[in-house]
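Every chain is numbered from 1 and lettered A, B, ... according to where its sequence line falls, protein lines coming before strand lines. Please read these numbers as outputs of a predicted model, since none were measured by experiment.
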Amino acid sequence: MPERASLPETTDASRRLEKTFDPASFERRWYALWEAEGRFQPSGPASSPRFVMVIPPPNVTGRLHIGHALGRTLEDVLARWKRMQGYRVLWVPGTDHAGIATQMVIERKLASEGVDRRTLGREAFVERVWAWKREAKDTIQNQMKRLGCSLDWTRERFTLDPDLSRAVRRAFVQLYGEGLIYRGRYVVNWCPRCGTAVSDLEVVHKEVNGKLYQIRYDVSGLRSGAVVATTRPETMLGDTALAIHPDDPRTAKLRGKTAILPIVGRELPIIEDPILVDRAFGTGIVKVTPAHDANDFASGQRHGLAAVVVIGPDARMTKEAGPDYEGLDRFEARKKVLERLAAENRLVATEDHRYALGHCQRCDTIIEPYLSTQWFVKIKPLAEPAIRAVERGDVVFVPESWAKTYFAWMENIHDWCISRQLWWGHRIPAFHCDNGHITVSEETPSACATCGSGRLEQDPDVLDTWFSSQLWPFSVFGWPEETTDLKVFYPTDVLVTGYDILFFWVARMIMAGLHFTGKAPFHTVHLHGLVRVGGEKMSKTKGNVIDPLEAIDEFGADAVRFALAAAAATGPNVSLEKQRLAGSRAFATKLWNASRFALGQFEEERPAGSPEGRRLELPDRWILSRLSAAAGEVSRKLALFRFDEAAQAIYSFVWHELCDGYIEMVKPRLSGSGGQPASREAARETLARCLTDSLALLHPFMPFVTEEIWEKVVGRAGTLIVSGFPRERPEWTDARAQRSVEALRALVTRVRNYRGERSASPTEPVDLTIDRASSEVETLADLTELAPLLSHLARLSSLSFEPPPEGSTRDVVAGIGVGLSLSRPASSADRSRVAKTLSELDEEIRSLAVKLRNPSFLDRAPAAVVEKTRRRLVELEQRRAALASAGA
RNA sequence: GGGAGGUUAGCUCAGCGGUAGAGCGCCUGUUUUACACGCAGGUGGUCAGAGGUUCGAUCCCUCUACCUCCCACCA
């Protein structure tokens with residue numbers, strides 16, 4: 001820790017703080033200063049440990065929401081905490097091009113201008129997106145700056161930057177060469193509105209109320225025909241078989257026969273497929289539509305069935321569906337097919353059926369299983385090492401329970417469809433020649449690698465956004481080049497993100513990191529919850545959206561950060577309400593006012609904040625002991641990612657111990673009237689130390705206000721960010737001072753609530769006696785020393801150390817027998833309050849006595865517990881006796 | 001259909017084998033010269049229900065009820 005006393009003053013700032021706390025008046029100034037002085041860049045000797053994080057790059061779709069603010073706050077708390085501890089901290093900023101999401105935003109914008117992207121053309125459209133991106137990036141950057149994020153802006157990256165695009169091509173080419181990327185015709189998830197394939201993860205399953213239709217197909221030589229069940233009758237136009245289970249006696253008579261597809265008239269073989277057919281479901285007969293159902297497609301492959309595409313990429317029926325249906329929307333076609341079936345008396349039954357239907361994550365359109373040629377990543381070989389890395393503990397999840405979710409997904413992972421029929425994104429580095437060959441290459445080839453043809457066209461598709469995101473922890477450092485940054489800063493340390501992108505991003509980064517660099521991209525993943533307001537998801541329709549910038553304007557960035565950190569418990573929800581923000585602002589105000597008070601004491605001469613070597617009094621020793629404990633607590637909790645508990649620890653130290661306790665105790669000493677100059681100096685030094693250490697402990701959470709106050713207290717502008725982080729100090733730990741001062745505080749509280757019990761005003765004189773015989777020698781000695789302070793805080797009219805006089809209210813407080821009295825007799829109301837306390841005591845005494853009479857308890861409970869129970873019983877009995885003697 | 005998590009003070013949430021906690025709210029008092037975004041005191045909980053393990057359970061186990069979320073190709 002730097003020696004504050006020896007620091008030269010670099011500014012001539014006034015030592016006063018404005019009377020009103022106005023965060024807006026200094027926040028931007030401090031950010032600009034930190035940035036100008038390069039505080040966000042890694043610095044310090046190369047030998048110091050480093051701490052590296054990459055930001056989860058926000059989408060350039062618009063602006064950040066409060067959930068981003070949560071994640072970035074937690075990261076910044078870590079970054080600032082580590083930086084103050086002397087780490088070389090690097091936190092890399094950047095944004096994600098977010099292919100499908102951003103393209104949608106621009107399409108919507110164009111639509112509002114009455115323009116379709118197709119009329120604009122690919123090149124012009126992409127240019128429009130770039131223009132949007134530049135604006136969105138600035139907005140996002142500003143938001144993070146307002147929040148105070150100590151990101152190294154000199155290293156800002158974007159997933160479509162040339163070097164990151166290069167990394168994408170390298171990754172693709174390498175995987176292709178390894179046989180881990182393949183191209184093929186399969187049934188994929190297709191969004192008819194977006195006009196692209198999407199991955200399994202981008203399909204959101206929702207329960208819908210639908211119908212299950214039973215349709216009778218004619219079967220040659222079988223009068224009864226075959227009844228099949230389907231939720232999607234329109235797809236029957238593309239049926240190319242019926243399937244039965246080989247072991248199902250109900251359908252055995254269909255074996256080897258041929259069915260006739262209603263409406264169309266096509267002959268359908270009846271196949272036996274134990275994988276496709278579940279004997280327990282429906283009629284045991286399944287219509288097989290290889291072009292419009294992934295399972296049917298697989299079955300079709302097994303049995304060599306044709307795939308007839310009857311629904312096109314726009315979700316309208318194709319020519320194959322027949323002239324009656326061609327051009328109809330899939331749902332209109334369904335209606336029409338049902339009418340026709342009903343007319344032909346083939347619709348055997350229609351029943352309500354609830355089932356899960358896939359919807360597009362982006363636009364909520366019902367996803368269509370669609371047969372098309374796409375690119376895929378063969379994922380199992382990548383998943384296996386990633387599973388092992390977590391099993392081995394090379395990557396740790398916090399909270400650890402997420403590992404289970406991770407394993408469950410990874411162990412059942414399916415190949416990843418990575419091609420998207422979009423315009424915004426990384427073009428797939430595959431080139432088709434006019435002979436139908438494919439050349440995969442990082443650079444645009446001049447000739448086909450197979451036939452040498454010079455007529456090549458690049459594949460029109462782009463890659464799934466997450467294909468580039470998965471490379472982020474190393475592509476930002478220049479991979480595949482072996483850059484210095486890559487060597488120095490990779491692998492990173494901690495990744496902080498919401499659990500909602502565990503599969504989309506975190507799992508894929510682990511896979512990619514291991515595969516391409518041989519190292520896990522980080523050793524710890526902290527998954528935080530999602531922000532809820534009043535237990536509800538934020539949504540514009542509910543009107544409970546908290547916009548981070550608005551919140552910062554209203555409460556100050558520090559309050560927003562503190563509230564977020566304090567709310568970040570371990571659960572899946574982070575509950576945030578306006579009142580919490582207000583509470584955090586109140587805390588910042590409290591700190592501000594306490595600092596104003598302290599600075600008022602420092603006017604003539606700035607204390608060095610070095611209480612060491614002074615003759616410290618009990619309250620000084622108490623608060624330093626508490627300060628040390630708080631410092632230890634904050635670091636311990638941060639190390640566990642318990643931001644809420646760390647925030648709580650510093651909050652309660654500053655507010656309830658430093659402000660409510662210590663400052664009130666030392667006011668008389670500081671005012672000059674109440675003490676010797678040496679005593680005053682001890683108090684000033686202690687107060688200065690508590691204040692500066694509190695500022696430092698709080699800085700990761702509230703960087704702006706702490707820096708603002710620090711400048712006034714310490715006299716150096718903008719240096720708190722790089723000052724030391726307070727440590728636990730065993731030499732300050734003082735159990736005796738803690739015991740004695742806490743006894744003092746308990747006595748003060750007892751006197752105050754005695755006034756309440758007796759309906760006395762806060763100024764009504766109270767006499768307090770402390771029974772010498774009741775107390776430990778040490779505490780008694782300390783209380784004797786603290787007597788003037790006790791009288792002052794409790795506003796006693798007299799304090800004496802003797803047995804309580806007749807007629808006083810007796811009690812035992814912190815093990816000390818006391819007598820309390822007012823100059824007037826107790827009323828009956830007063831007495832009934834005592835009676836209530838007595839009956840509560842009796843209750844507890846009885847239960848403890850029962851416990852202590854139980855031989856099993858005495859036998860089996862640990863001796864310490866038994867002893868503790870005994871002591872507790874004695875205490876209660878003393879207290880009861882004391883109260884009863886007065887109540888009588 | 002699998003899996004995970006939850007049910008603790010009026011609200012939002014911590015705690016998790018040995019006397020129930022915080023913030024906010026509420027009540028009472030209070031312009032004590034840092035702060036009314038304050039100070040002081042107080043009210044408020046059969047820790048979802050039922051069993052079990054234990055000397056002892058809010059905390060561990062089982063079941064039940066209700067709620068959340070994730071995963072899933074049952075036509």
Side-chain angles (χ1 to χ4, degrees), chain A residues 17 19-21 187 200-201 205 212 228-232 235 243 276-278 280-289 293-298 353 355-356 358 369 401-402 404-405 408-409 412 414 499-500 502-503 530 532-535 555 559 563 566-567 569-577 579-580 582-601 642 644-645 648 651-652 659-660 663-664 667 671 748-749 752-757 759-763 793 795 844 847-848 851 854-862 864-866 868-869 872 876:
Chain A
L17 292 170
K19 189 163 168 39
T20 48
F21 167 59
V187 171
D200 294 344
L201 281 178
H205 292 274
L212 185 65
V228 304
T230 180
T231 54
R232 303 199 55 198
T235 63
L276 182 65
V277 182
D278 176 0
F281 189 92
T283 59
I285 309 167
V286 181
K287 62 190 272 305
V288 186
T289 322
D293 183 286
N295 291 316
D296 293 7
F297 180 78
H353 186 61
Y355 62 107
S401 60
W402 287 110
K404 264 184 278 180
T405 311
W409 187 71
N412 296 297
H414 292 102
Y499 67 82
D500 53 331
L502 173 58
F503 305 143
L530 274 21
R532 301 287 151 100
V533 176
F555 301 101
T570 53
N573 297 330
V574 175
S575 189
L576 188 74
E577 275 151 284
Q579 281 184 328
R580 250 190 129 125
S584 295
R585 180 184 53 189
F587 180 48
T589 309
K590 185 75 182 173
L591 180 73
W592 181 267
N593 283 313
S595 303
R596 280 180 58 226
F597 171 79
L599 285 165
Q601 311 307 316
R642 286 307 301 263
D644 57 329
E645 293 189 334
Q648 176 61 38
Y651 176 97
S652 94
C659 292
D660 294 344
I663 288 180
E664 294 308 320
K667 274 180 178 172
S671 74
V748 171
T749 297
R752 285 170 177 163
N753 73 23
Y754 172 69
R755 283 200 178 89
E757 282 167 13
S759 305
S761 83
T763 51
L793 292 172
R795 296 173 171 231
E844 205 179 333
S847 84
L848 286 179
K851 209 173 188 180
N854 181 349
S856 310
F857 174 71
L858 299 173
D859 233 36
R860 306 206 185 183
V865 172
V866 175
K868 211 174 149 192
T869 309
R872 170 94 184 130
L876 290 175

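- Taking every heavy atom of both residues into account, A/Arg642 and A/Asp644 meet most closely at NH2-OD2, 2.8 Å.
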**Asked** With Watson-Crick and G-U wobble geometry limited to distances under 3.5 Å, how should the secondary structure of RNA chain B be encoded in dot-bracket form, using | for bases paired to another strand and [ ] for crossing pairs?
**Response** ((((((((.[[[[.)..(..]]]].(((((.......))))).....[[[[[..)....]]]]])))))))....
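- Nucleic acid contact for A/Asp859: none, since no nucleic acid atom lies under 4.0 Å from a heavy atom of the residue.
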**Request:** Under the side-chain contact (heavy atoms from CB on, under 4.5 Å) rule, what do A/Asp293 and A/Val187 come out as? Steps first, then yes or no, please.
**Result:** CA-CA 7 Å; A/Asp293 183 286; A/Val187 171; 6.0 Å; no
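- What separates CD of A/Gln648 from P of B/C24 is a distance of 10 Å, to the nearest Å.
- Rounded to whole Å, the C1' atom of B/C61 lies 24 Å from the corresponding atom of B/U68.
- Between A/Lys851 and A/Thr869, the shortest heavy-atom distance links the atoms CD-CG2, 4.4 Å.
- Across the protein-nucleic acid pair, A/His414 atom NE2 and B/C71 atom P stand 13 Å apart, rounded to whole Å.
- A/Leu276 contributes atom CG, which lies 5.5 Å from atom CG of A/Asp296 (distance to the nearest 0.5 angstrom).
- Across all strands, A/Val288 comes closer than 4.0 Å to no nucleic acid atom at all (heavy-atom distances).
- A gap of 27 Å separates the P atoms of B/C26 and B/A34, to the nearest Å.
- Taking each heavy atom of A/Leu793 and A/Val748 in turn, the nearest pair found is CB-CG2, 3.9 Å.
- Taking atom NE2 of residue A/His353 and atom P of nucleotide B/G1, one finds them 12 Å apart after rounding to whole Å.
- A/Ile663 comes within 4.0 angstrom of a base, heavy atoms only.
- B/G17 and B/G56 have their C1' atoms separated by 8 Å, given to the nearest Å.
- Nucleic acid contact for A/Gly284: base, since at least one base atom lies under 4.0 Å from a heavy atom of the residue.
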Can you tabulate the close N/O pairs, meaning under 3.5 Å, that link protein atoms to atoms of nucleotides 15-17 of chain B?
unit_1 : atom_1 : unit_2   : atom_2 : d
B/G15  : OP1    : A/Arg642 : NH1    : 3.0

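- Using a 4.0 Å heavy-atom distance criterion, A/Ala356 is classed as a base contact.
- Between A/Tyr651 and A/Phe587, the ring planes are tilted. Angles from 30° to 60° get that label.
- Contact detail for A/Ala229 and A/Thr283: the closest heavy-atom pair is N-OG1, 4.4 Å.
- Every side chain to side chain donor-acceptor pair (under 3.5 Å) that A/Arg596 has, sequence neighbours left out, goes to A/Asn593.
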**Request:** Evaluate the side-chain contact (heavy atoms from CB on, under 4.5 Å) criterion for residues A/Arg232 and A/Thr289: first the C-alpha distance (whole Å), next the side-chain angles of each, then the deciding distance (0.1 Å), finally the verdict.
**Result:** CA-CA 11 Å; A/Arg232 303 199 55 198; A/Thr289 322; over 6 Å; no
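- When every heavy atom of A/Ala567 is checked against every heavy atom of A/Ser575, the shortest pair comes out as CB-O, 3.6 Å.
- Rounded to whole Å, the distance from CH2 on A/Trp402 to P on B/A4 is 12 Å.
- Rounded to whole Å, the P atom of B/C47 lies 16 Å from the corresponding atom of B/U19.
- Taking for each of A/Thr231 and A/Thr869 the nucleotide of RNA chain B with the nearest heavy atom, the 5'-most of the two is the partner of A/Thr869.
- Between A/Phe21 and A/Trp592, the ring planes lie tilted relative to each other; the angle falls in the 30° to 60° range.
- As rounded to the nearest Å, B/U46 and B/A9 have P atoms that lie 8 Å from one another.
- Rounded to the nearest Å, the gap between the C1' atom of B/C37 and that of B/G23 is 14 Å.
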Close N or O pairs between protein and nucleotides 27-33 of chain B (under 3.5 Å):
unit_1 : atom_1 : unit_2   : atom_2 : d
B/U32  : O4'    : A/Arg795 : NH2    : 3.3

**Item:** Test log, rule side-chain contact (heavy atoms from CB on, under 4.5 Å), inputs A/Asp200 and A/His414
**Value:** CA-CA 8 Å; A/Asp200 294 344; A/His414 292 102; 3.9 Å; yes
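- In this structure, NZ of A/Lys404 is placed 7 Å from C1' of B/A4, rounded to the nearest angstrom.
- Between A/Thr230 and B/A75 there is no side-chain N or O to OP1 or OP2 distance below 4.0 Å.
- Taking A/Arg580 as the reference, nothing meets the salt bridge (charged side-chain N to carboxylate O under 4.0 Å, His left out) condition, with sequence neighbours excluded.
- Within 4.0 Å of A/Pro862, counting heavy atoms only, lies at least one base atom of the nucleic acid.
- Checking B/C11, B/C69, B/A72 against the side-chain heavy atoms of A/Tyr499 singles out B/C69 as nearest.
- Interatomic distance, CZ of A/Arg795 versus CZ of A/Arg752, reported as 8.5 Å (0.5 Å rounding).
- Spacing between B/G15 and B/U7 at atom C1', rounded to whole Å, works out to 15 Å.
- Separation of the C1' atoms belonging to B/C16 and B/G5 is 16 Å when rounded to the nearest angstrom.
- No engagement by A/Leu502 is indicated, since no non-hydrogen atom pair under 4.0 Å with the nucleic acid exists.
- Contacts of A/Ala569 with the nucleic acid, taken as non-hydrogen atoms under 4.0 Å apart, involve only primed sugar atoms and P, OP1 or OP2.
- Put simply, OH on A/Tyr651 is 14 Å from C1' on B/C13, counting in whole angstrom units.
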**Asked** Step by step, would you call A/Tyr499 with A/Thr405 a side-chain contact (heavy atoms from CB on, under 4.5 Å)?
**Response** CA-CA 10 Å; A/Tyr499 67 82; A/Thr405 311; over 6 Å; no
List every contact pair, protein side and nucleotides 36-42 of chain B side both N or O, where the distance is under 3.5 Å.
unit_1 : atom_1 : unit_2   : atom_2 : d
B/C37  : O2     : A/Thr589 : OG1    : 2.8
B/G38  : O3'    : A/Lys590 : NZ     : 2.9
B/C39  : OP1    : A/Lys590 : NZ     : 2.8
B/C39  : OP1    : A/Trp655 : NE1    : 2.6
B/C39  : OP1    : A/Asp660 : OD1    : 3.1
B/A40  : O3'    : A/Arg752 : NH1    : 3.4
B/G41  : OP1    : A/Thr749 : OG1    : 3.3
B/G42  : OP1    : A/Asn753 : ND2    : 2.9

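- A/Val277 approaches A/Gly284 most closely through the heavy-atom pair CG1-O, 3.6 Å.
- Among the atoms of the strands shown, none is found under 4.0 Å from any heavy atom of A/Ala408.
- The interatomic distance linking A/Lys287 (NZ) with B/A75 (C1') rounds to 8 Å, in whole Å.
- Between the CG atom of A/Asn295 and the P atom of B/A72 there is a distance of 13 Å, given to the nearest Å.
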